[in-house]
Peer 1: 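I'd like to ask you about the structure that follows.
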Amino acid sequence: MTPEPDILIVGGGLGGVAAALAACRAGRSVVLTEETDWIGGQLTSQAVPPDEHPWVEQFGTTASYRQLRESIRTYYRQWYPLRSEALALTDLNPGAGRVSKLCGEPRVALAVLEAMLAPHLASGRLTLLTEYRPVAAEAEDDTVRSVTVESLRDGARRTVTARYVIDATETGELLELAGVEYAVGAESRDEFGEPHAPETADPLNQQGITVCFALSHHEGEDHTIDKPADYDFWRSYRPDFWPGPLLGFLAPDPRTLEAVPRTFVPNPELDPLDVSADQSADAGDKELFGFRRVLARKLHRPGAFDSDITLVNWPLNDYWLKPLIGAGEETTAQAVAEARQLSLSVLYWLQTEAPRADGGAGFPGLRLRPDVMGTADGLAKAPYIRESRRIKAVTTITEHDVAIDLVGPHGGTKYRDSVGVGGYRIDLHPSTGGDNYIDIGSVPFEIPLGALVPRRVRNLLPAGKNIGTTHITNGCYRLHPVEWNIGEVAGALAAHCLTEGVEPRQVQSEDKRFDEFAALLDRSGVQRHWPDVRGY
């Protein structure tokens, strides 16, 4: 029998975990559900090393997110055969990837996240239900009364009643089930006056998804997979806005849209200690193998590993032919299946046809790593989903609040109800509406509490990409540390409202109540404002 918690959190990604930690720290009972068998979302089941701003080692995150990062480093220092120079680094980057100052394996992040939840599970304050998905919700009088979740293992259903419900799903699916007003896809330019919005609204115009996978390389061996069923299609596919076939090393630069060749050098000889990961100086995406590398053999004692490990999340395997949300269950299933076929086709192309620097073709020594992904087929447990349904919120964040071209390098909206900070370019990948990259500079930004408060529903809070952004601004509010911050605030707010006998909209709108909540966030290490830094 499922306990009746104070707070139900649906979705165990980074936002859901952060929400559970905050609510449990506040003494509240929590049920946390997750559709896969791994908590951690982007960082684990979707296999995406953290995309972070360049100041992440100094400031610009919550204290608990810093704890997560440092615990990942501690795990490597304690259990991996790091060479002495790497072991001594305070800012150790285990994979020496260029996308982030902290690239590591999904399983290590999973182990740390599970350790963070462990004391709350042991106390009985937290109940974790993995491999459960939401299938129904009951709402009455602007209040969500219960949510029904279904086991993916045996089909059993559980109905959970809670005083507060937090939607931490990857697609905001609880919003639809509970009848909460939401936006999805692209708003029209007229709605908010955003320069980069399309002329016409299109709910089915959504950023592409990506099915990631891990690779190592073993020269002289042949690990070529069977030819994927859809390989011939993907081998010949050439998008209208692409400079060549999608399966190729020539792709647009996201920031300029100029055709730029990518290079692919498995197991590079460069000392990983010499790798810099600063996306404000260099996006780092031109050399594909090193871009999202999560294990660097040269950081470890000689002979410990015979190959680096890299995660494939590249222009080549972004999928945008069908929308994931809003076109029906059959289309959703087709989109995921076709995205998986695309990723397998990328691997087969790399193994058999990709041009080599020596004039040859193919890298048959590339080995798919099911052990790294925790799956039988070697693909990530879940697709990387960049865009969700978004609540119709008290505050909607638009391009006018964050785009550096509109506000200048010192600008950006400062919110009286700020509950966190983030920093990232407005980064939209090619979309199902046929748009190329939209990748434009933004300023370090704040997270207004009003973006977490639905206009009507009283006891549901978002905890991830489903806050009150637009299609455009989702592009910079969707990354790992921001999702964690949003989730942590959602969990803390639900607990605070229960303790004080108030509702989220009161905390957001009344200065005295907000100041009390903000003081709680300050004490817990949630940074709510930026020092004087510049956008990029």
Side-chain angles (χ1 to χ4, degrees), residues 12-13 34-50 71-73 75-82 93-97 99-100 102-115 130-131 152-153 210-226 228 266-268 272 288-314 317 336 339-348 350-351 363-384:
E34 163 54 30
E35 191 162 338
T36 72
D37 60 348
W38 280 11
I39 59 171
Q42 307 188 57
L43 195 56
T44 60
S45 61
Q46 298 174 29
V48 181
S71 296
I72 290 172
R73 286 181 168 136
Y75 190 103
Y76 277 98
R77 293 188 188 106
Q78 183 167 1
W79 298 113
Y80 278 63
L82 290 163
N93 187 350
V99 73
S100 166
L102 185 68
C103 291
E105 299 151 271
R107 279 190 181 277
V108 173
L110 174 66
V112 169
L113 290 167
E114 289 178 336
T130 57
E131 295 184 271
L152 299 179
R153 293 186 292 270
T210 305
V211 175
C212 303
F213 57 96
L215 289 179
S216 52
H217 184 257
H218 310 270
E219 192 66 46
E221 300 179 11
D222 188 348
H223 295 282
T224 304
I225 64 171
D226 293 337
N267 292 328
L288 294 174
F289 193 90
F291 182 38
R292 297 184 189 271
R293 182 171 54 176
V294 293
L295 186 142
R297 71 197 188 287
K298 286 176 170 285
L299 276 186
H300 301 275
R301 292 196 292 270
F305 300 99
D306 61 354
S307 175
D308 297 353
I309 300 174
T310 191
L311 286 172
V312 178
N313 176 11
W314 304 340
N317 65 323
V336 174
R340 293 169 65 84
Q341 277 289 303
L342 170 57
S343 286
L344 291 172
S345 296
V346 168
L347 172 58
Y348 187 75
L350 288 169
Q351 292 173 323
F363 299 83
L366 289 173
R367 179 182 160 207
L368 194 61
R369 297 296 298 266
D371 55 321
V372 175
M373 296 289 91
T375 59
D377 62 8
L379 300 179
K381 290 176 179 288
Y384 177 33

Peer 1: So which atom in Ala339 and which in Val211 form the shortest heavy-atom distance, rounded to 0.1 Å?
Peer 2: CB-CG2, 3.8 Å
Peer 1: Do Met373 and Leu311 have side-chain heavy atoms sitting under 4.5 Å apart?
Peer 2: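 Yes - at least one pair of side-chain heavy atoms lies under 4.5 Å apart.
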Peer 1: Heavy atoms, side chains only, cut-off 4.5 Å: are Gln46 and Cys212 in contact?
Peer 2: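 No - every pair of side-chain heavy atoms lies 4.5 Å or more apart.
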Peer 1: Grab the two heavy atoms, one from Leu152 and one from Glu35, that are nearest each other, plus how far apart they are.
Peer 2: CD1-O, 3.1 Å
Peer 1: Using a 3.5 Å distance criterion without hydrogens, assess whether the side chain of Glu105 forms a donor-acceptor pair with backbone atoms of Val372.
Peer 2: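 Flag not set: sc Glu105 to bb Val372 has no pair under 3.5 Å.
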Peer 1: Under a 4.5 Å cut-off applied to non-hydrogen side-chain atoms, are Asn313 and Phe291 in contact?
Peer 2: no
Peer 1: Ignoring hydrogens and geometry, is there a side-chain-to-backbone donor-acceptor pair from Asn267 to Asp308 under 3.5 Å?
Peer 2: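 Checking the backbone N and O of Asp308 against the side chain of Asn267, a donor-acceptor pair under 3.5 Å is found.
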Peer 1: Please verify the inter-ring angle class for Tyr75 with Tyr80; under 30° counts as parallel, over 60° as perpendicular, anything in between as tilted.
Peer 2: tilted
Peer 1: Is there a side-chain contact between Val312 and Leu347 in this structure, where contact means two heavy atoms from C-beta onward sitting under 4.5 Å apart?
Peer 2: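 Heavy-atom side-chain distance check fails, nothing below 4.5 Å.
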Peer 1: Tell me whether Arg293 contacts the main-chain N or O of Ala96 through its side chain, where contact means a donor paired with an acceptor under 3.5 Å.
Peer 2: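 The answer is yes, because a donor-acceptor pair under 3.5 Å joins these two groups.
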Peer 1: Could you tell me whether a side-chain N or O of Thr375 sits under 3.5 Å from a main-chain N or O of Lys381, the two making a donor and an acceptor?
Peer 2: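 Absent.
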Peer 1: Would the distance check show the side chain of Gln42 and the main-chain N or O of Pro50 forming a donor-acceptor pair, the cut-off being under 3.5 Å?
Peer 2: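 No.
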Peer 1: Quick one: does any side-chain atom of Thr36 pair with a main-chain N or O of Trp38 as donor and acceptor, under 3.5 Å?
Peer 2: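 At least one qualifying donor-acceptor pair exists.
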Peer 1: Please confirm whether the backbone N or O of His217 pairs with a side-chain atom of Ser307, one donor and one acceptor, at under 3.5 Å?
Peer 2: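 Yes, Ser307 side chain to His217 backbone: donor-acceptor pair under 3.5 Å.
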Peer 1: Give, for atom CG of Leu350 and atom CZ of Phe363, the distance between the pair rounded to the nearest 0.5 Å.
Peer 2: 7.5 Å
Peer 1: Please check: side-chain N/O of Gln351 versus main-chain N/O of His223, any donor-acceptor pairing under 3.5 Å?
Peer 2: yes
Peer 1: Ignoring hydrogens and geometry, is there a side-chain-to-backbone donor-acceptor pair from Asn93 to Cys103 under 3.5 Å?
Peer 2: yes
Peer 1: Tell me the closest heavy-atom pair linking Asp222 and Thr224, and the distance in Å.
Peer 2: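 Nearest pair, atom of Asp222 first, then Thr224: OD1-OG1, 2.7 Å.
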Peer 1: Are Asp306 and Glu219 close enough that some pair of their side-chain heavy atoms sits under 4.5 Å apart?
Peer 2: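 No, side chains not in contact.
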Peer 1: To check you understand the geometry: which heavy-atom pair defines the closest contact between Ala47 and Ala380, and what is its length?
Peer 2: CB-CB, 4.2 Å
Peer 1: What are the two closest heavy atoms between Leu288 and Trp314, and how far apart are they?
Peer 2: O-NE1, 3.5 Å
Peer 1: Using modelled atom types and a 3.5 Å cut-off, is there a donor and acceptor pairing between side-chain atoms of Arg73 and backbone atoms of Leu102?
Peer 2: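 Side chain of Arg73 to backbone of Leu102: no pair is present.
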Peer 1: Of all the heavy-atom pairs spanning Ile39 and Thr44, show the shortest one and how long it is.
Peer 2: O-OG1, 2.6 Å
Peer 1: For a ring pair (Phe, Tyr, Trp, His ring centres under 6.0 Å) with His300, tell me which candidate from Trp79, Tyr76, Phe305 qualifies.
Peer 2: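 Testing His300 for a ring pair (Phe, Tyr, Trp, His ring centres under 6.0 Å) against Trp79, Tyr76, Phe305 leaves exactly one candidate, Phe305.
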